[in-house]
Amino acid sequence: MNEKVDIKVDETEPKRKMRFGSLVAWILLIAFFVVLAMQMFKTQQGVLQVGEDAPQFTLETYDGRVITPEDWEGKVVLVNFWASFCISCKDEARELEEVWQFYKDSGDVLFLGVAWSDTKKAALGYMEDYGITYANGPDAKHQITDAYRMEAVPETYIIDRNGKISSTAIGPFSGVDHIKLVIENALDN
Amino acid sequence: MKKFQIISIFIIIAVSLIAVGNVLAQEPVPTPSADEVNSIAGNMFCPVCENIPLDVCGTEACEMWREEIADLLILGFSEDEIYEYFYERHGDMVLATPPLKGFNWLMYIIPGVAMIIGTVFLFRYLKNTTKQTAAEEIEEKPSEIKDPYLDKLEEELKKRN
Amino acid sequence: MLAVIGYGALLISFIISLYAIFAAIYGELKKQSRWVDSARRAMLLTFPVITVSAISMIILLVSGNYEVAYVAKVTSDSMPAYLKITAFWGGQAGSLLFWSWLMSAFASLVMLRKWDRDREFLPWVIVVTMVTLAFFLSLSVFFENPFVRTWWTASGPMVKQVFQPAGGLMYVPGQGSGLNPLLRHWGMVIHPPMLYLGFVSFVIPFAFAIASLITKRSDDRWIKITRRWTLWAWLFLSMGLILGGRWAYDVLGWGGYWAWDPVEVAALLPWLAGTPFLHSVMIQEKRGMMKHWNMFLIILTYGMMVLGTFLTRSGAVTSVHSFSQSQIGPYFLVFTLISVAGSLFLLFYRWSSLKAETKMKSWLSREGLFLINNFLFLIILFISFWLSVLYPILSEIFANARVSIGPELFEKLTGPFWLSILILMGIAPMSAWRASTAKSLGRNIWKPAAASLPILILLPIFGVTNIPGILTFWSVLFVIFVTIYEFYRGTKAKVRTSRMNAFSAFNQLVSRNRRRYGGYIIHIGAVLISLGIIGLEAFQSQTQATLSLGEEMALGEYTARFDDLNIYYTVDGTNMQVAEATLTVVKDGKVVDFIVPRVDYYLESGQPMTIPGVRSTMEDDFYAILVDWEEISTNSATFKIYHNPLVNWLWIGSIVFILGTFVAAWPTKEESGY
C-alpha cells in the first residue's frame with residue numbers, strides 16, 4: 001500500500017521511463033538465465049535411459065533401401081551408432097554382424113546401423129572391411145543422434161517390441177554373448 | 001521431408017553414376033590441389049573436433065571429409081554446391097558462417113539492433129547532457145576543473161605560441 | 001594422510017570464510033567493531049589455511065600419490081617435477097582449489113592495507129570477497145574435491161571419497177594417466193594462473209564498489225582505493241589472454257593464435273568489460289560523472305568473469321578447452337544469478353544517490369571520447385557474447401540446430417569497432433577534460449595526423465591493397481605519432497618551467513604523471529599488438545604440398561626444401577612416436593634457416609600434437625606444419641606452410657604493454673600529480 005502512495009506522489013516522466021527500462025533489463029536478465037538453465041539441463045541430461053520411449057526414425061540405407069518405423073513393428077530393434085574413424089566401433093563391428101546372422105532369419109529382430117559424421121566412401125569401405133550386411137545408413141543432419149542424445153560413438157540401443165528402450169550400451173559391447181543376452185532379454189519382454 | 005529424400009537419393013544416384021562414368025571413361029581427371037581443398041575446408045567445421053576448422057583439424061574423420069571435398073571437386077561440384085552438400089548431410093554445424101535462413105536471421109539482426117539501440121542511447125545522452133550544460137554554463141565554477149596538470153601544460157603551450 | 005590434512009584444511013577454510021561473512025554482517029549491524037575485527041582476522045586466516053591445503057596437494061602431486069584420484073588423473077611417474085606442480089591447475093578439481101588459494105591471497109593482501117580512513121567499507125569488502133571465496137571453496141568441498149581417494153568396498157563397486165569406507169581397501173594405481181600433452185607448454189603453464197589472477201583481482205574493485213553502494217557513499221573513494229588493483233587485474237587478464245594465444249600459436253599447429261573459440265571468448269569477455277571500466281573510472285575521478293555507469297561496468301566485469309567460469313566448467317558450452325562435465329552446473333548457475341542480480345538490484349536501489357556532480361560540456365571532451373570508447377568496447381562485448389554464447393544456445397534450444405561460428409564472422413562484425421578504438425586511441429589523448437571544441441582538438445591533432453597521412457598513399461604505391469590493412473597501418477602510425485607528440489609536448493613544457501635538461505624533465509614528467517604516461521605506453525603496446533593481429537588477419541598466406549625428399553615448395557619470397565624426415569619412439573611422460581621433418585628455408589636464393597616441424601603422437605591417448613617449425617623475424621614468421629608423411633619409407637611428406645607477416649609485433653607489443661602497466665600501477669609516494 002505504502003509503495004503505491006509513493007508512486008502517486010512523486011511519479012515523474014523520467015522516473016517512469018527508468019522503471020520501464022529497469023523492468024526490461026530484469027526481464028532480459030532472467031530470460032538469459034532461464035535459457036542458460038535450459039541449455040545446461042539439455043547438455044547434462046545424458047543419453048536416453050532404459051524404459052523411455054525410443055525415438056522412431058526413417059533410415060535411408062547406403063544400398064538405397066528406406067526403412068520406416070512400420071518396419072519396426074513387432075520386432076526388437078537394435079540401433080547401433082558408429083563411425084568409420086572410431087576405433088572402438090571396429091572392435092564390435094564383426095560381433096554385431098555375427099549376431100545379426102544369428103537372428104536375421106527369425107524375423108523378430110531388426111538391426112539398424114547409423115553412421116555418425118561419416119563420409120559415404122569411408123562408411124562403405126568400413127562395412128566392406130567388416131562384412132556388415134544389416135541395414136546401415138547415414139544420419140542426415142544428426143537428427144537421429146540428436147533424438148537419442150548420443151554422446152559419442154559407439155552407442156547401442158536395444159528397443160523392445162513396445163518401442164521402449166530395453167537396454168543401452170554406451171561404448172562397445174564386451175562380446176557376442178553380451179549382444180545376444182541383451183537381445184534375448186528384449187525378446188522375452 | 002519427402003522432397004528431401006527424393007533429392008538426396010537423386011544426388012546419390014547422380015554421384016555414383018558420374019563416378020562410375022569416370023571410371024569407365026578412364027579420363028585423367030585433374031586432382032584438386034590441397035590448397036583448393038583447404039580453402040573450402042577452412043570455412044567448415046567437422047563435428048568430431050569442435051571449434052577447429054576443417055582445414056587444420058588432424059583427426060581421421062576430418063581427413064576423410066577433406067578427401068570427400070576433393071572427390072566432389074573432381075566431380076565438378078562448385079564451392080557453394082560443396083557447402084550445400086555437407087549442409088544437407090550434417091546440418092548447420094558444418095558451416096563456419098551459419099547460412100542466412102530461418103532462425104539464423106536472428107543471429108545477424110540482433111547485433112544490428114543492439115548497435116542501433118546503443119547508438120541512440122549514447123547520442124541522446126550526449127545531446128541531453130551537453131544541452132543542459134550549455135544552459136547551466138554560468139553556474140559552473142571554473143574551480144571545478146580537476147586537472148591542474150593539463151591546465152598547467154596548456155598554459156605553458158600558450159605561452160610558447 | 002596428506003589427503004586428509006588437505007581436505008581438513010579445505011573444510012576449515014570454508015568454515016572460516018562462512019564465519020567471516022557472519023561476523024562482518026553481525027558486527028556491522030550491531031555496530032560492534034570487535035566482531036568486524038574478528039571477521040578481518042578470520043579473513044586473514046583463510047590464506048594460511050588454504051595454503052596448507054594447497055601444499056598438501058602439491059606434495060601429493062610431486063610424490064605421485066596415485067591413490068588420490070586427481071593425482072592419478074593429471075600426473076604420471078615420468079613427468080618432470082615442475083610439470084607435476086603445474087598439474088595442480090591442469091584439471092577441474094585442482095584448478096578450483098588453486099583459484100580459491102589465489103582468491104584468499106588477494107583477500108588477505110587487501111586486508112593488510114591501512115583501513116583507518118575507510119573503516120565503513122571494511123565489513124562489506126569482507127562480505128563480498130568471502131562470499132566469493134566461500135562459493136569457490138564450497139565447489140571444492142562438495143562437488144570437485146581434489147583429495148578424494150579411490151577405495152575398493154566390501155560390497156564390490158569402487159568409490160571415490162576422502163575417508164576410508166567401512167571395510168574398504170585403498171586402491172593405488174601403479175601409474176597415473178598423466179597430463180594432457182597439449183598442456184605441457186610454458187605458455188600453458190603460466191596462462192591459467194594469469195587468467196585466474198586477473199579474475200580474482202577484479203573481485204577486489206567489485207567488492208569495494210558493492211561496499212560503496214551498501215554504505216551509500218556517492219564519492220569516488222572506492223575507485224581511488226582500487227585503482228591499482230584494477231590495473232593489476234587488467235594486466236593479469238591481458239597477459240592470460242596473450243599467453244593463451246602464444247600457446248595456441250606454438251602448440252596447436254593451425255597457424256594462428258586466436259580462434260574465437262567459446263572458451264577463449266569466455267576469457268575475453270571480462271577483459272572487454274574491464275577495459276572500458278578502466279577508462280571510465282577516470283571520468284568519475286576527474287569530473288564526478290558516470291557513477292551509475294562505473295558501477296554497472298564493474299558489476300558487468302564481475303558478472304562476465306563468473307559467467308565465463310560457469311560456462312567453461314559446467315559443460316554448458318563445448319570446446320577444446322572445456323573441462324569435463326560435472327555436477328557443479330546448477331549450483332554455479334544459481335550463484336551467478338544471485339551475485340549478478342543482487343548487485344544490479346543494489347545499484348538500482350541506490351540509483352538516486354549516485355547523481356552526477358557535473359555535466360558533460362562537450363562530446364569532444366576527454367570524458368565524451370571515453371564514453372565513446374566505452375560504447376565501442378561494449379558493442380564488441382555484446383557481439384562476442386551474442387555469437388559465442390547466446391546465439392548458439394538459442395539456436396540449439398529453439399531451432400534444434402547446433403551452429404558453429406567461425407572466426408571470420410567475429411572478425412567481420414567486430415573489426416570496424418576495433419579499428420574505431422584504434423583511431424580513438426589517437427584522438428582522445430589530445431582532447432582536454434571538461435571542454436574541447438573541434439577547433440581546439442584540431443589544433444592539437446593536426447600535426448601528428450598530417451604526419452601519418454602519407455602512409456595512406458605510400459602503402460598502395462608499394463602494392464598493399466587490403467583496405468582494412470591500410471587503415472590499420474595508418475591508425476597505428478597515427479597513435480604512435482600522437483603519443484610521441486604528447487611526450488614531446490609534456491617534456492617541452494616541463495623544460496620551460498623547471499629549466500631541467502630534457503632527459504630529467506622527461507623522467508620527472510613520467511614519474512609524476514605515472515597513470516597518464518603509463519597509459520600512453522600501454523597504448524603503444526596496444527597498437528603494436530594490433531600490428532601483429534592485422535598482419536595475420538589481412539596478410540596471411542598459406543599453401544600445402546606433398547614433397548619427396550629434396551623437393552621444394554614455394555610461398556611468396558620463401559622456398560622450403562624437404563631435407564629429412566626422422567621417425568622415432570621416445571618416452572616423455574608417456575610413450576610417443578615422434579615424426580620430425582627438417583625443412584631448409586630459402587629466402588631470395590639464400591638459405592636463411594632450418595626449421596623442424598614435428599608431430600608427437602601419444603600412443604596411449606591416441607592424441608597427436610602438432611608442433612610447428614617457425615622461423616620468426618620482426619618482419620614475418622615462416623610457419624610450417626607437418627601434416628602427413630610416408631610411414632615406412634620416410635621419403636615423402638605433406639607440409640602446410642604459412643606466411644604470417646608481423647606476428648612478432650604481437651609479442652613485442654605485449655611486453656611494451658606490461659611495461660606501461662608497471663609504469664602506471666607502480667606505487668609512488670607522490671599520489672597527487674596524475
Side-chain angles (χ1 to χ4, degrees), chain B residues 33-35 37-38 42-45 47 49-53 55-59 63 91-98 102-104 106-108 110-111 114-115 118-119 121-122 125-127 129-130 132-134 136-137 140 144-157 159-160, chain C residues 252-255 259 261-262 285-288 318-320 358-363 368 371-372 375 378-379 382-383 386-387 391 394-395 398-399 401-409 413 432-434 489-490 492-493 496-497 513 516 542-546 599 608 610 625 627 638 640 673-674:
Chain B
S33 74
D35 287 347
V37 173
N38 281 340
N43 296 319
M44 290 170 59
F45 287 95
C49 34
E50 295 193 52
N51 303 308
I52 302 174
D55 61 333
V56 285
C57 182
T59 62
E63 226 160 88
D92 290 80
M93 73 175 330
V94 295
L95 302 177
T97 310
F103 194 75
N104 285 345
L106 198 65
M107 189 182 81
Y108 293 90
I110 292 289
M115 215 180 73
T119 318
F121 267 92
L122 178 74
Y125 175 80
L126 286 172
K127 218 175 113 186
T129 181
T130 50
Q132 279 174 21
T133 336
E136 295 160 12
E137 185 80 18
E140 203 177 325
E144 271 185 299
I145 305 162
K146 287 180 184 172
D147 194 1
Y149 159 75
L150 197 77
D151 285 345
K152 214 166 133 191
L153 186 68
E154 295 296 334
E155 230 168 84
E156 278 308 311
L157 290 164
K159 263 189 230 162
R160 275 194 52 79
Chain C
L252 293 187
W254 37 261
D261 173 283
E285 279 183 60
K286 304 267 184 198
R287 303 274 294 139
T318 45
S319 150
V320 269
T358 59
K359 293 268 166 59
M360 192 168 290
K361 289 193 71 170
S362 144
W363 67 273
L371 202 58
I372 295 172
F375 167 74
L378 288 196
I379 284 283
F382 180 79
I383 294 174
W386 170 251
L387 290 182
Y391 182 72
L394 289 177
S395 169
F398 296 109
R402 233 169 296 159
V403 292
S404 324
I405 296 171
E408 206 187 301
L409 199 60
L413 293 185
W433 289 104
R434 187 166 165 269
R489 275 205 317 174
K492 204 154 192 183
R496 258 195 82 78
T497 44
N513 305 281
R516 170 186 291 264
Q542 63 187 68
T543 184
Q544 180 175 332
T546 304
V599 174
T610 313
I625 297 166
V627 177
T638 308
K640 189 161 188 183
Y674 55 85

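Computed over heavy atoms, backbone and side chain alike; hydrogens, waters and symmetry mates excluded. Chain identifiers are assigned alphabetically (A, B, ...) following the order of the sequence lines, protein sequences preceding nucleic acid strands; residue numbering begins at 1 within each chain.
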Asks: Determine yes or no for a side-chain-to-main-chain donor-acceptor pair under 3.5 angstrom, with B:Asp35 supplying the side chain and C:Gln544 the backbone.
Replies: yes
Asks: Of all heavy-atom pairs between C:Tyr391 and B:Leu106, which one has the smallest distance, and what is that distance?
Replies: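 Between these two residues, the closest heavy atoms are CE1-CB, 4.3 Å.
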Asks: So what's closer than 4.5 Å to chain B heavy atoms on C:Leu371: side chain, backbone, both or neither?
Replies: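 For C:Leu371, heavy atoms of backbone and side chain both lie under 4.5 Å from chain B.
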Asks: Taking the side chain as every heavy atom from C-beta outward, state whether C:Ile405 and B:Met107 have any pair of such atoms under 4.5 Å apart.
Replies: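 Contact flag for C:Ile405/B:Met107 side chains = yes.
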Asks: With only heavy atoms counted, which part of C:Leu394 is less than 4.5 Å from chain B, the side chain, the backbone, both or neither?
Replies: both
Asks: Find out whether C:Lys640 and B:Val56 are in side-chain contact, i.e. whether some heavy atom of one side chain is under 4.5 Å from a heavy atom of the other.
Replies: yes
Asks: Side chain, backbone, both or neither: which part of C:Ser395 has an atom under 4.5 Å from a heavy atom of chain B?
Replies: both
Asks: Please name the pair of heavy atoms, one in B:Asp55 and one in C:Gln542, separated by the smallest distance, quoted to 0.1 Å.
Replies: OD2-NE2, 4.0 Å
Asks: So which atom in C:Phe375 and which in B:Gly118 form the shortest heavy-atom distance, rounded to 0.1 Å?
Replies: CE1-C, 3.4 Å
Asks: Please look at C:Trp386 and chain B and tell me whether the side chain, the backbone, both or neither of the residue comes under 4.5 angstrom of a heavy atom of that chain.
Replies: side chain
Asks: Considering all heavy atoms of both residues, which atom of C:Ser404 and which atom of B:Phe45 are nearest to each other, and what is their separation?
Replies: CB-CD1, 3.4 Å
Asks: Report which part of B:Thr59 has an atom under 4.5 Å of a heavy atom belonging to chain C: side chain, backbone, both, or neither.
Replies: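 The answer is neither part of B:Thr59.
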Asks: Under a 4.5 Å heavy-atom cut-off, does chain C meet the side chain of B:Phe103, its backbone, both or neither?
Replies: both
